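Have a look at the structure below, then the notes.
All chains are named by letter (A, B, ...) in the order of the sequence lines, taking the proteins before the strands, and each is independently numbered beginning at 1. What you are looking at is a predicted structure, and each value in this text was computed from that prediction instead of being measured.
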Protein chains: 2
Amino acid sequence: MNIGQAAAASGVSTKMLRYYESIGLIPKAGRTEAGYRVYSGTDVNTLRFIRRARDLGLSIERIRLLVGLWQDRERSSGDVKRITEEHVAELEAKIVELTAMRDSLRELADACHGDHRPECPILRDLEGDVDRTARRRAEPLVRERRGHPLEAHRRGHHHGA
Amino acid sequence: MNIGQAAAASGVSTKMLRYYESIGLIPKAGRTEAGYRVYSGTDVNTLRFIRRARDLGLSIERIRLLVGLWQDRERSSGDVKRITEEHVAELEAKIVELTAMRDSLRELADACHGDHRPECPILRDLEGDVDRTARRRAEPLVRERRGHPLEAHRRGHHHGA
DNA sequence: GCTTGACCTTCCCGTCATGGGAAGGGGGAA
DNA sequence: TTCCCCCTTCCCATGACGGGAAGGTCAAGC
């Protein structure tokens, strides 16, 4: 089974397969004489595991831990549960953050006429005009979570500085 | 007012200030003889506008549009509202996606004993063992949204391939 | 046997919005 | 003058990939 077939069978792209190998998430695949990577049915199972974990939003680093536990007969389910709970907590925090943003913007958009005239509560809010409109937009709900996996890519919470 | 003071006054870091200038989100700042950037109170107002927009999760590109409209006396609030609604829709989609993940994982974690024993419903689910446990994990709720700003960084929805 | 085209290989670049840090120069106070 | 903090530009890293170039391989069809 070459890389394309393994990709089709697992739902992981060939790019990701090579990437996962490069970062050591999966072991180095065997090679044919011509240098083509070779995969087994067992490899495909692991890849499917990884893909499902990604679908649930888990980071590569947590998946690395989970794959290790999965293949460890001596594992304790407590470790698996702890990793999962950590991820759930991050999802929850992100949901709360996005929901606050959505609610604020929803409210502002609803108050906007949306016609040809320039007057606009959305811009007034962004302007920071605290006097003319009550600024109900919530202060950031979660502080001091730098380097947080779920938002490391998005907004380092540059706030404080 | 030099860059450090403008940063302190606006809540935008010096790094971001230089970055915003480099991508043309803000005009090139004036310079002192020594080459230091100089900012005015008006500049700080713009920066605060940008920071508030970022706090609401808007992308730089949308902020670019909003700043343009903000400074345009001939603007129509309809344009502002449309941009905002687009962003709200993306937030909503992301919230739905994360909530589905959270609910699935919450359920699996709740079913996990979390003790020293290896048996674990979480791993069984990731294994894809459809026979032993009913797999209630939702299929991806939103398809075909490649290049979507709110998730471009996270999971290119590599699914289909 | 040769061509064609689909596949494979490695390598580098771009994403998005930042932070970190190096190397070098400026500026005002003690 | 010395000191320290500020400023400058430049490059690198992040997470988890996708795109694409340049070149090698393989199987099918003629």
Side-chain angles (χ1 to χ4, degrees), chain A residues 1-8 11-26 28-39 47 50-51 53-64 87 90 94 145-161, chain B residues 1-8 11-26 28-39 50-51 53-64 90 94 145-161:
Chain A
M1 205 179 198
N2 65 26
I3 198 172
Q5 295 166 324
V12 175
S13 74
T14 58
K15 280 284 190 182
M16 281 188 250
L17 266 168
R18 284 186 277 252
Y19 173 65
Y20 290 165
E21 181 180 315
S22 79
I23 62 169
L25 176 60
I26 54 177
K28 286 184 183 170
R31 302 283 182 136
T32 65
E33 290 172 13
Y36 284 24
R37 286 177 181 78
V38 179
Y39 297 89
L47 290 171
I50 292 170
R51 193 181 84 88
R54 291 293 298 130
D55 284 347
L56 288 168
L58 284 141
S59 70
I60 295 291
E61 286 316 307
R62 286 218 172 91
I63 293 173
R64 193 193 297 272
H87 180 53
E90 286 171 15
K94 192 75 184 172
R145 281 184 302 119
R146 285 179 188 282
H148 194 290
L150 259 178
E151 60 173 11
H153 49 287
R154 178 126 192 116
R155 331 262 351 276
H157 221 269
H158 49 67
H159 247 163
Chain B
M1 205 179 199
N2 65 26
I3 198 171
Q5 295 165 326
V12 175
S13 73
T14 59
K15 280 284 189 182
M16 281 188 249
L17 267 168
R18 284 186 278 252
Y19 173 65
Y20 290 165
E21 181 180 315
S22 79
I23 62 169
L25 176 61
I26 55 177
K28 286 184 183 170
R31 302 283 182 137
T32 65
E33 291 172 13
Y36 285 23
R37 286 177 180 79
V38 179
Y39 297 88
I50 291 169
R51 192 180 84 87
R54 290 294 297 130
D55 284 347
L56 288 168
L58 285 141
S59 70
I60 295 290
E61 286 316 308
R62 285 216 173 93
I63 293 173
R64 192 192 298 271
E90 287 171 15
K94 192 74 184 173
R145 281 184 303 117
R146 286 180 186 282
H148 193 290
L150 260 180
E151 59 173 11
H153 49 290
R154 178 125 192 115
R155 332 257 354 272
H157 222 268
H158 49 68
H159 245 163

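With rounding to whole Å, Y19(B) atom OH is found 5 Å from dA17(C) atom C1'. When rounded to the nearest whole Å, the span between CG of L17(B) and P of dT9(D) equals 12 Å. For R54(A) and dG18(D), the CZ to P distance is 10 Å, given to the nearest whole Å. The distance from atom NZ of K15(B) to atom P of dC6(D) is 15 Å, rounded to the nearest whole Å. Rounded to whole angstrom, the span from the CG atom of L25(A) across to the C1' atom of dC17(D) amounts to 13 Å. The distance from atom CD of E61(B) to atom P of dT15(C) is 11 Å, rounded to the nearest whole Å. Y20(B) has its OH atom 14 Å from the P atom of dC16(C), to the nearest Å. For E21(A) and dC17(D), the CD to P distance is 15 Å, given to the nearest whole Å.
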Set out, in order, the CA-CA distance, both residues' side-chain angles and the distance that settles side chain to side chain contact (heavy atoms under 4.5 Å, CB included) for T32(B) and N2(B), then state yes or no. CA-CA 9 Å; T32(B) 65; N2(B) 65 26; over 6 Å; no
Yes or no on side chain to side chain contact (heavy atoms under 4.5 Å, CB included) for D55(A) and R51(A), after CA distance, side-chain angles and deciding distance? CA-CA 6 Å; D55(A) 284 347; R51(A) 193 181 84 88; 3.3 Å; yes
Using the side chain to side chain contact (heavy atoms under 4.5 Å, CB included) rule, take L25(B) and Y19(B) through it: C-alpha gap first, then chi angles, then the decisive distance, then the call. CA-CA 9 Å; L25(B) 176 61; Y19(B) 173 65; over 6 Å; no
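Within the structure, a side-chain polar atom (N or O) of S13(A) is placed less than 4.0 Å from OP1 or OP2 of dG18(D).
The shortest side-chain heavy-atom distance between I23(B) and R64(B) falls under the 4.5 Å cut-off.
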Reading nucleotides 4-9 of chain C 5' to 3', which nucleotides get B (base under 4.0 Å from a protein heavy atom), which S (sugar-phosphate only), which -? ---BSB
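Here the side chain of H87(A) pairs a donor or acceptor atom with the backbone of L56(A) at under 3.5 angstrom.
The existence of a salt bridge linking E21(A) and R18(A) is excluded, since no basic side-chain nitrogen approaches an acidic carboxylate oxygen closer than 4.0 Å.
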